[in-house]
Visitor: 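Have a look at the structure that comes next, please.
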There are 2 protein chains.
Amino acid sequence: MTPKLEDVAKLAKVSKTTVSRVLNKRGYLSQKTIDRVYAAMRELNYHPNVVARQLYKSQTNLIGLLFPTVANPFFGELVDALEKNLYRQGFKVLIGNSMNDPKKEAAYLDQLLIKQVDGLIVGTHNQGIKEYDTANLPIVAIDRIMNADIPIVESDNYRGGELATERLIQRGAKHIIHTNGPIDLETPARRRRVAYEGTMQAHNLEPLTYTVDFNISAKAKKEIFEKIFQEHPEVEAVFAANDVDAALIMNVAQKLGRQVPKDFLVIGYDGTQVVRELMPNLTTIMQPTAQMAEQAVKVLGQRMNNEPTETEYILPVKLWSGTSA
Amino acid sequence: MTPKLEDVAKLAKVSKTTVSRVLNKRGYLSQKTIDRVYAAMRELNYHPNVVARQLYKSQTNLIGLLFPTVANPFFGELVDALEKNLYRQGFKVLIGNSMNDPKKEAAYLDQLLIKQVDGLIVGTHNQGIKEYDTANLPIVAIDRIMNADIPIVESDNYRGGELATERLIQRGAKHIIHTNGPIDLETPARRRRVAYEGTMQAHNLEPLTYTVDFNISAKAKKEIFEKIFQEHPEVEAVFAANDVDAALIMNVAQKLGRQVPKDFLVIGYDGTQVVRELMPNLTTIMQPTAQMAEQAVKVLGQRMNNEPTETEYILPVKLWSGTSA
DNA sequence: TTGTAAGCGTTATCAG
DNA sequence: CTGATAACGCTTACAA
């Protein structure tokens, strides 16, 4: 079996306490003892058992990350940034891709709450999971409204909606359609819809929002987008809920003979690095993923130390100016 | 503090053993006792402490995933699929984005080997990390050669290289350049280079491979790609190491006045779902991420049960036929 | 059908 | 400077 502290102690002819002291560099120790212990460790290829340590300290140095799926570039980039920040602080990352399945999310939660992690960062879109309320655990939400106790880190969705809409108007479009998630979801992304509608009205234009569930397949989405063109042949521009949707819309538009940007404009949302590399011509609103991650980790740290925090952190967005709008 | 087993036992007026039995549905118990215990649990909002259980069982039900970064769509999709499969088997996932930093990879390894995880799935590109050799832990590699003890799951890189090269030749290109990672890395992706070179020679064409480090920035990559056109103005097609590189190359080509596919062809590699949605016109080789994930998890399971496994699993690739080549 | 007690591998208190 | 020993919260022989 894997050697334990006791084996090292025996081999080095010292007590367990001493080995533990060497391991944690605590207290006074003679150099001779230290050397003997290290030698014994090497000889046995000893590695301390983290779980035993976790039990005693009742902390795991693990942070849970609950997101829809890292297969989506936005969440992939965000999770990557979170991991980087957490690693720097000595935390490792336990990841759960709830994939919009409330059952899976609740199951994860149930298991993570159980002292498996020291904290949680949540960015899923599911609603009404009651476990969050009784969760006796520091939590931070990213782009998701949970309950009054849980601080939110988000990008400036209102400004993003405004920027996108203004861009399309400024480019000469009048019939502009917006796609967004279900209206009943209490997500900050809803503010984009509000911004879009407000900006349209301020310009005496008629807002029109299509609801597109994010869980559905690309094929189903495309059908909805085709309907947009059928039901509103006058449409000149679309402000999409995210970049993948924007790409799908461009694709549909081109199939229907619309040329971008000559007679149809598209603007996306998220603007991750990968998407900017794959489609540099797609005009989009960039969410500041790096700063969001940094802020979330910082706030989580404060929560874990019982320091006070704000309830909401709003980070600035930027326009990525391509040729699609 | 959070309630423990003992508190539940006291409240229900039974022993710790009984509570544990109820919790694990083991042995014979009277319904009355069961009900009393459940009631007590609810009253205290009790949740068992996983770490204590982990210590006793000396297993964590955690699997470590070591990959370069989930911000890259290929690894994002792969990690997503791995998580899905592992979750189904009752495992949770601890993730490490080594980001091509050998120090970080070694540090992760050091900590994960320490009884923190029950198994490891590795897909990083770093070389020469000796910890893997002494690792007393079931490991499976994805698209990476580690050492003789560690089974590899990969897609059919040779066939992929062949398919891509043949496609370009069949489309009429003669001056075809291939980009690939450093030749000294013992990665299965090297077989693509071999396949490319073999296929070219079989058609009496001269192969030419440019080495492009994957860790470098998009900007640095673009400079290398520009050099391709400068140094080889006769180039008619590029078989890129991956889809992101393919996109960058297309971008550079267009900036230099080359029209795709009229006078320049590009074929990518990976063919993840997101990329196919964003750039449906990009011809590429699709790696079977879902099957690779499933196979890796299956093999890891066998390893963990000390069952014999093959040393190599090669899964079939497919061509995604776009318009870029 | 239920309980007692030992043990999982650490750390920390206290004594020397 | 070093060593017994209890404790972290759970599971499981073994006993009753």
Side-chain angles (χ1 to χ4, degrees), chain A residues 1-38 40-41 44-62 110-118 136-137, chain B residues 1-38 40-41 44-62 110-118 136-137:
Chain A
M1 276 313 299
T2 41
K4 45 184 181 177
L5 204 92
E6 202 178 339
D7 302 320
V8 177
K10 256 183 216 149
L11 185 62
K13 297 191 197 304
V14 295
S15 73
K16 285 166 39 175
T17 311
T18 301
V19 178
S20 174
R21 283 204 184 100
V22 174
L23 216 50
N24 299 293
K25 308 191 194 308
R26 229 188 284 292
Y28 296 94
L29 295 163
S30 75
Q31 190 58 44
K32 219 179 87 193
T33 311
I34 295 177
D35 294 342
R36 264 222 318 279
V37 170
Y38 272 127
M41 287 185 186
L44 296 173
N45 187 25
Y46 168 79
H47 290 282
N49 181 316
V50 200
V51 175
R53 186 178 286 168
Q54 287 175 348
L55 176 59
Y56 187 87
K57 300 228 167 180
S58 66
Q59 84 178 37
T60 60
N61 291 315
L62 250 39
D110 243 16
Q111 304 191 31
L112 294 183
L113 294 181
I114 315 319
K115 297 272 163 199
Q116 172 97 272
V117 296
D118 295 344
N136 194 9
L137 192 76
Chain B
M1 275 317 296
T2 42
K4 45 186 179 174
L5 203 90
E6 200 178 340
D7 301 321
V8 177
K10 256 183 218 150
L11 185 62
K13 294 190 200 307
V14 295
S15 74
K16 283 166 42 176
T17 312
T18 302
V19 178
S20 173
R21 285 205 182 98
V22 174
L23 217 49
N24 299 294
K25 307 192 196 307
R26 225 188 286 291
Y28 298 93
L29 295 163
S30 75
Q31 190 58 46
K32 219 179 87 192
T33 311
I34 295 178
D35 294 343
R36 265 224 315 281
V37 170
Y38 273 127
M41 286 186 189
L44 296 172
N45 186 25
Y46 169 78
H47 290 284
N49 180 317
V50 201
V51 175
R53 184 179 287 167
Q54 287 175 349
L55 177 58
Y56 185 88
K57 301 229 165 182
S58 64
Q59 84 177 40
T60 59
N61 292 316
L62 250 40
D110 243 15
Q111 305 191 31
L112 294 183
L113 293 181
I114 315 319
K115 298 272 162 198
Q116 171 98 270
V117 297
D118 296 342
N136 195 9
L137 192 76

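Every chain is numbered from 1, with letters handed out A, B, ... down the list of sequences. On a predicted model such as this, the values are computed, not experimentally measured, just so you know. Just the heavy atoms: all of them, side chains too, but no hydrogens, waters or symmetry mates, feed the values below.
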Visitor: Which pair of non-hydrogen atoms, one from Val37(B) and one from Val8(B), has the smallest distance, and what is that distance?
Guide: O-CG1, 4.1 Å
Visitor: With the side chain of Tyr56(B) defined as its heavy atoms from C-beta on, choose the nearest nucleotide among dC1(D), dG9(C), dC8(C).
Guide: dC8(C)
Visitor: Could you state the atom-to-atom distance from NZ of Lys10(B) to P of dC10(D) in whole Å?
Guide: 13 Å
Visitor: Starting from C1' on dT10(C), measure out to CZ on Arg26(A) and report it in whole angstrom.
Guide: 12 Å
Visitor: For Gln54(A) and dG9(D), what is the distance between atoms CD and P respectively, to the nearest whole Å?
Guide: 14 Å
Visitor: Taking the side chain as every heavy atom from C-beta outward, state whether Thr2(A) and His47(A) have any atom pair closer than 4.5 Å.
Guide: no
Visitor: Side-chain N or O of Lys57(B) versus OP1/OP2 of dT12(D): is the shortest distance under 4.0 Å?
Guide: yes
Visitor: Atom pairs, N/O to N/O, protein against nucleotides 3-5 of chain D, distance under 3.5 Å?
Guide:
{"residue": "dG3(D)", "atom": "OP2", "partner": "Ser15(A)", "partner atom": "N", "Å": "3.0"}
{"residue": "dG3(D)", "atom": "OP2", "partner": "Ser15(A)", "partner atom": "OG", "Å": "3.3"}
{"residue": "dG3(D)", "atom": "OP2", "partner": "Thr18(A)", "partner atom": "OG1", "Å": "2.6"}
{"residue": "dG3(D)", "atom": "O6", "partner": "Arg21(A)", "partner atom": "NH2", "Å": "2.5"}
{"residue": "dA4(D)", "atom": "N7", "partner": "Thr17(A)", "partner atom": "OG1", "Å": "3.4"}
{"residue": "dA4(D)", "atom": "N6", "partner": "Thr17(A)", "partner atom": "OG1", "Å": "2.6"}

Visitor: For Gln31(A) and dC1(D), what is the distance between atoms CD and C1' respectively, to the nearest whole Å?
Guide: 13 Å
Visitor: Take atom NZ of Lys4(B) and atom P of dT11(D), then tell me their distance rounded to the nearest Å.
Guide: 14 Å
Visitor: Among Glu6(A), Lys10(A), Lys4(A), which one satisfies side chain to side chain contact (heavy atoms under 4.5 Å, CB included) with Lys16(A)?
Guide: Glu6(A)
Visitor: Atom CZ of Arg53(B) to atom P of dC8(D): distance rounded to whole Å?
Guide: 19 Å
Visitor: Nearest to the Leu55(B) side chain among dG9(C), dC10(D), dT1(C), which nucleotide is it?
Guide: dG9(C)
Visitor: Does any non-hydrogen side-chain atom of Tyr46(B) lie less than 4.5 Å from one of Asp7(B)?
Guide: no
Visitor: Hey, does the side chain of Asn49(A) come within less than 4.0 Å of dC8(C)'s phosphate (OP1/OP2), counting only N and O?
Guide: no
Visitor: Take the C1' atoms of the five end pairs on each side of the helix from dT1(C)-dA16(D) to dG16(C)-dC1(D), derive the two axes, and give their angle rounded to 10 degrees.
Guide: 40°
Visitor: For Thr18(A) and Ser15(A), test the side chains for any donor-to-acceptor distance below 3.5 angstrom and give the result as yes or no.
Guide: yes
Visitor: Could you state the atom-to-atom distance from CD of Gln116(B) to P of dT10(C) in whole Å?
Guide: 14 Å
Visitor: Side-chain contact test, heavy atoms from C-beta onward, threshold under 4.5 Å: evaluate it for Gln54(A) versus Gln54(B) and give yes or no.
Guide: yes
Visitor: Under 4.0 Å between a side-chain N or O of Tyr46(A) and OP1 or OP2 of dT10(C)?
Guide: yes
Visitor: Of all the heavy-atom pairs spanning Met41(B) and Val19(B), show the shortest one and how long it is.
Guide: CE-CG1, 4.0 Å
Visitor: Under a plain distance cut-off of 3.5 Å, with no hydrogens placed, do Ser30(A) and Thr33(A) share a side-chain donor-acceptor pair?
Guide: yes
Visitor: Just checking Leu29(A): base, sugar-phosphate only, or nothing, at a heavy-atom cut-off of under 4.0 Å?
Guide: sugar-phosphate
Visitor: Could you give the CG-to-P distance, from Leu5(A) to dA7(D), as a whole number of Å?
Guide: 19 Å
Visitor: Are side-chain heavy atoms of Pro48(A) and Leu23(A) found at a separation under 4.5 Å?
Guide: yes
